[in-house]
There are 2 protein chains.
Amino acid sequence: MAAWVRFVAVLELLPGVLDSQLRHDSGVTHFEYFVMAVLAETPGGTMRMTELAGATNATPSRLSHVVARLEDRGLVERSPCPENGRATNARLTEGGRAKMRAAAPGHVAAVRRHVVDVLSPEQVTQLAAISDAILGSIAPAGPMAEGYRRYDGPAGESS
Amino acid sequence: MAAWVRFVAVLELLPGVLDSQLRHDSGVTHFEYFVMAVLAETPGGTMRMTELAGATNATPSRLSHVVARLEDRGLVERSPCPENGRATNARLTEGGRAKMRAAAPGHVAAVRRHVVDVLSPEQVTQLAAISDAILGSIAPAGPMAEGYRRYDGPAGESS
DNA sequence: TGAATCAAGTTGTCGCTTCAACTTTCGCGG
DNA sequence: CCGCGAAAGTTGAAGCGACAACTTGATTCA
């Protein structure tokens with residue numbers, strides 16, 4: 001139970017710290033950074049909106065808003081998907097890639113300093129396993145796939 | 001590094017799940033619940049605003065807004081501190097206590113279902129240690145004390 | 001083929017958090 | 001005793017995410 005209180009504190013404080021660092025250093029939020037990071041790792045830097053939403057654990061609405069803002073700043077471009085008229089492709093622009101190159105070192109350093117470096121190697125492994133277990137109970141289809149859903153009632157099991 | 005991605009997913013998804021459950025079930029946010037829970041655990045259900053902000057890992061501004069909303073709903077009362085004219089005491093009302101009694105079981109169940117029950121006892125212990133280590137690097141004065149601060153530069157160590 | 005249904009995104013509105021500015025009060029030095 | 005700075009909170013404006021409603025394109029099935 002004491003463990004829970006401390007974990008809640010981490011849930012409350014860590015996102016703010018990461019956001020502050022990226023905002024100050026590079027003028028992007030952590031979520032914007034994450035979206036661009038996912039795009040940067042795909043061949044061509046292109047991905048469907050829904051797929052991107054799944055990969056970033058975001059609702060379609062949130063992703064749409066964020067990508068619209070990134071597009072206004074010239075970091076991402078949207079274009080209708082040729083194969084599927086209702087789908088949209090998001091592509092990282094060269095400016096977005098440059099932004100990532102500029103922001104990555106500082107962000108990685110912050111993550112190391114605040115998380116990785118204060119944990120032992122075993123603790124990092126433990127954290128991965130713990131995260132997987134929790135994700136299994138709140139994102140049944142997995143974090144890196146579609147099928148995400150929010151809380152939908154007190155009975156998590158099939159009824 | 002894969003551990004980090006999964007942990008980020010937890011940071012992103014878990015707060016939303018907890019918020020949804022409490023909102024649906026009891027009409028309060030997770031942070032509002034936490035504020036009232038801290039108040040409920042103090043003798044008299046009373047605490048200074050600054051102290052409460054420290055205990056809930058919130059900025060004074062955030063706490064002020066939240067307590068104002070709770071006061072509008074009759075769950076908390078504010079009164080000027082007699083000993084210190086610039087301080088304010090927040091007190092949990094009987095209605096707030098009733099709200100807590102109604103909300104607690106569902107919330108505890110959700111925490112169990114999504115976190116505690118999917119982890120082994122050792123993992124819970126590990127999570128506590130990991131949380132402590134991370135908190136040590138982002139909240140130097142400790143989670144349950146004042147002295148919280150936000151990110152303030154790339155060099156966390158003394159220079 | 002054509003109507004109903006579903007999928008993919010977008011948009012608007014509302015509530016919450018942050019940031020900066022402000023008010024009031026306490027403590028202290030001259 | 002008076003003024004100055006720090007402490008404690010509050011307030012207002014701006015930004016971001018959630019929710020619901022909506023638009024448009026694909027599917028299915030009779």
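Scope of the values below: all heavy atoms of this structure, side chains included, with no hydrogens, waters or symmetry mates. Naming convention: chains lettered A, B, ... in sequence-line order (proteins, then strands); numbering from 1 in each chain.
- One can place CE of Met49(A) at 17 Å from P of dG25(D), the figure rounded to the nearest angstrom.
- Distance check, rounded to the nearest 0.5 Å: CG of Leu18(B) to NE2 of His107(B) gives 6.0 Å.
- The CG atom of Leu92(B) lies 7.5 Å from the CE atom of Met100(B); values are rounded to the nearest 0.5 Å.
- Nearest approach of Ala129(B) to Gln123(A), heavy atoms of both residues: CB-NE2, 3.9 Å.
- Across the protein-nucleic acid pair, Leu22(A) atom CG and dT18(C) atom C1' stand 17 Å apart, rounded to whole Å.
- Residue Ser61(A) places none of its side-chain N or O atoms closer than 4.0 Å to OP1 or OP2 of dC19(D).
- Across the protein-nucleic acid pair, Leu18(B) atom CG and dC16(C) atom C1' stand 17 Å apart, rounded to whole Å.
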Run Glu94(B) and Lys99(B) through salt bridge (charged side-chain N to carboxylate O under 4.0 Å, His left out) and show every step you take. CA-CA 9 Å; Glu94(B) 192 47 48; Lys99(B) 174 67 80 175; over 6 Å; no
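- Map Phe31(A) and Arg48(B) each onto its nearest nucleotide of DNA chain D; the residue landing nearer the 5' end is Arg48(B).
- Without hydrogens or angle criteria, Thr125(B) side chain to Pro121(B) main chain gives a donor-acceptor distance under 3.5 Å.
- One can place CG of Leu70(B) at 15 Å from C1' of dT17(C), the figure rounded to the nearest angstrom.
- Distances shorter than 4.0 Å separate some side-chain N or O of Arg69(B) from OP1 or OP2 on dT17(C).
- Each of Ser64(A) and Thr29(B) was matched to the nucleotide of DNA chain C holding its nearest heavy atom; the match closer to the 5' end belongs to Ser64(A).
- On a pure distance criterion of 3.5 Å, a polar donor-acceptor pair joins the side chain of His65(A) and the base of dG12(C).
- A sub-4.0 Å separation between OP1 or OP2 of dC19(C) and a side-chain N or O of Arg23(A) is absent.
- Considering CD of Glu32(B) and CG of Leu22(B), their distance stands at 9.5 Å, rounded to 0.5 Å.
- Residue Leu63(A) contributes atom CG, which lies 8 Å from atom P of dT10(C) at whole-angstrom precision.
- Distance, Arg62(A) CZ to dT11(C) P: 18 Å, rounded to whole Å.
- Straight-line distance from the CG atom of Asn89(A) to the C1' atom of dG25(D): 15 Å, rounded to whole Å.
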Please produce a list of atom pairs where a protein N or O lies less than 3.5 Å from an N or O of nucleotides 24-28 of chain C.
from: dC26(C); atom 1: OP1; to: Gly85(B); atom 2: N; distance (Å): 2.7

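- Scored by the salt bridge (Lys or Arg N to Asp or Glu O under 4.0 Å) test, Glu77(A) finds Arg91(A) as partners (sequence neighbours excluded).
- Thr88(B) comes within contact range of the sugar-phosphate backbone alone, with a heavy-atom separation under 4.0 Å but no base atom that close.
- Atoms NE2 (His24(A)) and C1' (dC19(C)) sit 10 Å apart, rounded to a whole Å.
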